[in-house]
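To keep things clear, I will list the structure first and then write my remarks on it.
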Amino acid sequence: MTATRQLTYLDAIAEALAIEMENDPDVIVLGTDVGGDFGGAFKVTKRVAAQFGPLRVKNMPMTELAFIGAANGMALMGMRPVVEVQFADFISTGFDSIVQYAATTHYRWGASVPWVIRAPSDGGIRSGPFHSQNPEAWFVHTPGLKVVAPATPEDAKGLLLAAIRDDNPVIYFEAKPLYRSLKGPVSDGSAAIPLGVARIARAGDDLSIITYGSTVHDSVQAADEVAGDGISVEVIDLRSLKPMDTDAILESVAKTGRALVVHAANRMAGVGAEVAAFIGEEAFGDLDAPVRRLGGLDIPIPFSPPLEDAYRVGPHSIVQAIREMVAW
Amino acid sequence: MTATRQLTYLDAIAEALAIEMENDPDVIVLGTDVGGDFGGAFKVTKRVAAQFGPLRVKNMPMTELAFIGAANGMALMGMRPVVEVQFADFISTGFDSIVQYAATTHYRWGASVPWVIRAPSDGGIRSGPFHSQNPEAWFVHTPGLKVVAPATPEDAKGLLLAAIRDDNPVIYFEAKPLYRSLKGPVSDGSAAIPLGVARIARAGDDLSIITYGSTVHDSVQAADEVAGDGISVEVIDLRSLKPMDTDAILESVAKTGRALVVHAANRMAGVGAEVAAFIGEEAFGDLDAPVRRLGGLDIPIPFSPPLEDAYRVGPHSIVQAIREMVAW
Amino acid sequence: MSESLDSAAKLNLAYWMRLTRTLDDALVAMWKQGRGVGGTFSGKGHEAIAVGAGYALGPDDVVAPMHRDLGCYLVRGMSPERIMANQLGKEPGVTRGRDANLHGMGDLEFNIIGFVSHLPQSLPVALGAAMSFQYREEPRVALTFTGDGSSNTGLFHETLNLAAVQKAPFVLVVENNQYAYSTPLHEQMAIEDIAVRAQAHGVVGEIVDGNDVAAVHAVVSAAVARARDGGGPTLIEAKTMRMLGHAIHDGAEYVPAELLEKWQERDPVTLWEDTLLEEGVLSPERLERLHSECRDEVEAAIAEAEKAPLPDPATVATGVYAP
Amino acid sequence: MSESLDSAAKLNLAYWMRLTRTLDDALVAMWKQGRGVGGTFSGKGHEAIAVGAGYALGPDDVVAPMHRDLGCYLVRGMSPERIMANQLGKEPGVTRGRDANLHGMGDLEFNIIGFVSHLPQSLPVALGAAMSFQYREEPRVALTFTGDGSSNTGLFHETLNLAAVQKAPFVLVVENNQYAYSTPLHEQMAIEDIAVRAQAHGVVGEIVDGNDVAAVHAVVSAAVARARDGGGPTLIEAKTMRMLGHAIHDGAEYVPAELLEKWQERDPVTLWEDTLLEEGVLSPERLERLHSECRDEVEAAIAEAEKAPLPDPATVATGVYAP
Ligand SMILES: Cc1ncc(C[n+]2csc(CCOP(=O)(O)OP(=O)(O)O)c2C)c(N)n1
Ligand SMILES: Cc1ncc(C[n+]2csc(CCOP(=O)(O)OP(=O)(O)O)c2C)c(N)n1
Ligand SMILES: [Mg+2]
Ligand SMILES: [Mg+2]
């Protein structure tokens, strides 16, 4: 189980899909354009489409509400559908099937709905308001769902394996800017990484950044930058947003006394608000400075490069926040 | 413009609708079962249905996505549709028409979408997981919407007038447990109460409760209860959640040094997280105790009385939190 | 139509319909007396559809009933006590006090899938079940119900279309009861027969008299058989009338009295009993006994349910997730 | 079919289609050369639909085009510069750098409603516009476009049903181009003609050759006239072929070459030019001039757009709300 190979973030996802489809005939893939020679808008399912064919990698008409609803029914029958929404933005089209049906079923009548929705999210690639969204907050607020957002190839693989094996509906947000741009070591084998356990992406003593998804990398970059000035930053990669590893957060903040919460999604009432509110409530005595949050602006995501850059969090804004917080 | 009459929360809403339909022929009402002699599941539109007839109070087939989408088109043509979703819970069925279309249009191409969606929310009346929801956090997180949640008959009237006159899409959450149970003074005339301005529901010095909707009343009740022990609690009724009156929050917290955020919606990543995170960030120096949050549990809303009571925030849990915070 | 049913089956249908009506009447009465919790729905007028369709399924088939289908829960084997306990929010209820009235009353032991309010969410869920049967090459069928109002929703069409493309073993019964809450058909749609909607998706469409249990049973049985044989999905429009309000609080003043009178003459439960009396399958005495057995069963169920405990509030947050 | 058009109109159609094609070709070329920003969509093959339908509307009518309808924006009066500037994310673009390619290119001055990606959100929006015309007793019509893939969505059906119930002055053109992204028709639906979906809602359904601009113009004109006269909505299925990939990055290897070849023979732009040459409405010289005028216009537009400024990042958060 040692990390032997370097894989892209995308290939790590594709590998996890293949492993679990081999392991378990109840795992099938559904979505628009996922099948055939095409293999998905981002080609994430190309490998499994070729390996398992159309009975297990099924093209759906562009009807998210119905095919996520159908995934609910399959899951109730003991199957483990892995649904791709073409872009995370289109998850809103299947909203009721997720937040009203899947999320509530186990509580109401005790039946499990073990599916995964894979949602390619995030931006920075000039795709505009409808191909760049990070809608995880809607789902973290919804009782009954699990929400995952891997930042590395290793986690992308391990968390997808865990998500598929989990007996609950799990939304798995892929950071699409990382698909091909990020390569990293990936373990052989089929070990899952448990949901709900954060990872220390970079250890440090003076300030904790709590983040997930693509901004983990921006945060590490920022941390490296300020290290030159003797500021030691710890970066906590949450990995799972629901359940959330609150112990890891508290432990880090107890050590550093300063917390900066960062995500790509827009800041207003985002997941970062939950994290910051949690820290303010549970670690008040540890805090040497106010908990700060960085996220996208509270605007639809613009497409033109200068505007999108102004919308997004990046290493530069993180560095600035770190410096201000340390000086507080 | 003096407050001369006592109206129920419901009648105050009905009055605002009637006033604005008289003032402005572009105001029409749409929704399932809103028209005819029936006048809506809660009879909120009965008065205007009788007064203005089926051309202005229009029954829609139970197709929220389409009729909210149609409201988008009407609004683009300069009309001011006021849409009723039968229960706030069903707003998720029209989600894309709200969060993708209406919310983004002005930013993208400069056209106004002046509609109001009236959403009867909140529970406590044994209606179960699909007739008790408080989904405001989804919309507060979505850029481009405005969100309002009146707690009193006076505000219900004044804020609805403002919402209808506003040139943006406004979601107006009605607290349905208050419809007939709450009576209060309501001003004559047609003056609006501006969106984005909070109200001090009860003045106090030792602790600030920041809340909205039905829990304003629970908070005031709790505040009255602890007043006997010499604890002076200020209750801030936000009224508007987006835009939010952050000045009023800061002013109160600067005075009291303690903030408790309360809402009926489930706590996890709710609007209260935004409020608490905001206070933690902007009023850190003022705080004598951690900012605390009370909200519903992170579960679907159960129907059986002992379970629903255990799910909900109420005066009792607020009193307990106040005492703990003051003792901190 | 009733020729294809043997006497035992005919009597069974009579029993389930009468039991349904008796339980339905009891629910209405209790809620009017203030002995209920929250609201409740009556399926009065829908018994022939709920029972006739439910009875056409095999034990391994899956069904997702809606809020007028009390009879379907019964015919699938759910006990009146458990149903009553659910409506009263009691611990032994199907949802253990979590979900209201008939909502959420799923139990996979009976191959019943529970519904949510958001209509018609059960449609794609039942279709997904049908698609799993197909994938696993199991000779099972999934059937679900929906209303005239729900037949206007997008999800109705998306589901039928997907079912058609997949050629899934899926049967959809539309209970056209003339109203969606207060809204009559002509304010909901500009067509006469909902069954024509099948053509939009390349699906077989049928119309049946929803107050004739034998007719419902026959048309559903044929559709189920076709589905099981790989013949794909069927849409069945069963025409009937909602005889009471939308839910218990609704007096339905908006429904013309003549319309109700007209349909009252064709009450599905008595219609079937009269048929069996005429055919000699039932004697008046046997019918009387049937009625009193149903009454006893329902009364016992109420007594049990009323004395059952409420859920323990300490358990409120358990069971949100599968372990 | 072309009989009902006078020569000037025929020439106009030829001009708009050629301009559309020229601009479309230029966009494709620029993006392939890396001179674009983000992605772009080609409407190659859709010119007769976009132009023919757009040309059938009066100036007060409202249109909500989709991502294959470049020609419709042009025929409604939006300049190639502004369209090009939008695609390049420039400040003078329709959305001032806010929305990508053809998305969001609404401008009420031209009675154009912008679209969002979430298909087919424009349908109810256009219907809402039509309902306002009805309410205000204005003799205006709203028309919108959608694709074969989008015709499977629930919103397609909800919109048609609501339009039918309201008898709204609404025209819906389905551009059946054989594919939804990589998915061919037979994996999307189990019917032959999308036009049959009209019957599910009591709406008039028509089928037209989407590569024959005069035919499109005629059938849309008739539908618009009927709508204006209170005759209610029409669904028009225009059959065509998407001649390039779904978007610029897509090589569309999944489309059989023969299919493209077959449709290439009936290229809507040259088909119409050939018709006009045959009819003597166009001379070869005039056609040559038309082509070079379109080229000049597009080149000028590109030059203007390329030198236009990008938006000022300081304005990024302005305009989210109407003041
Ligand atoms: C998406 C959604 N919107 C609104 C409602 C509220 N509602 C409950 S039942 C109903 C009418 C349903 O009519 P129909 O489908 O004909 O079923 P019926 O009740 O007549 O059996 C409405 C509007 C709902 N349940 N779901
Ligand atoms: C709700 C939704 N899901 C997925 C997509 C991604 N997507 C964009 S266009 C498209 C195919 C649309 O096909 P069709 O309606 O036939 O239009 P065409 O592109 O062929 O003109 C898809 C799947 C989308 N835009 N909206
Ligand atoms: Mg009905
Ligand atoms: Mg297409």
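Naming: A, B, ... by sequence-line order, numbering from 1 per chain. For clarity, every value in this text was computed on a predicted model and none was experimentally measured. Worth knowing before you read on, the calculation uses all heavy atoms, side chains too, and leaves out hydrogens, waters and symmetry mates.
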**Q.** Interatomic distance, C:Glu158 atom CD to D:Thr153 atom OG1 [nearest 0.5 angstrom]
**A.**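 One gets 6.0 Å once the value is rounded to the nearest 0.5 Å.
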**Q.** Heavy-atom closest pair, residues C:His201 and D:Ala190
**A.**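 Result for this residue pair: O-CB, 3.8 Å.
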Q | pair D:Arg197-C:Asn161: side-chain heavy atoms closer than 4.5 Å | A |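 Sidechains of C:Asn161 and D:Arg197: in contact.
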**Q.** Contact origin within D:Glu192 toward chain C - heavy atom pairs under 4.5 Å
**A.**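 For D:Glu192, there is no contact with chain C at all, as no heavy atom is under 4.5 Å.
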**Q.** Toward chain C, the part of D:Gln166 with a non-hydrogen atom under 4.5 Å
**A.**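 Contact with chain C involves no heavy atom of D:Gln166 at all.
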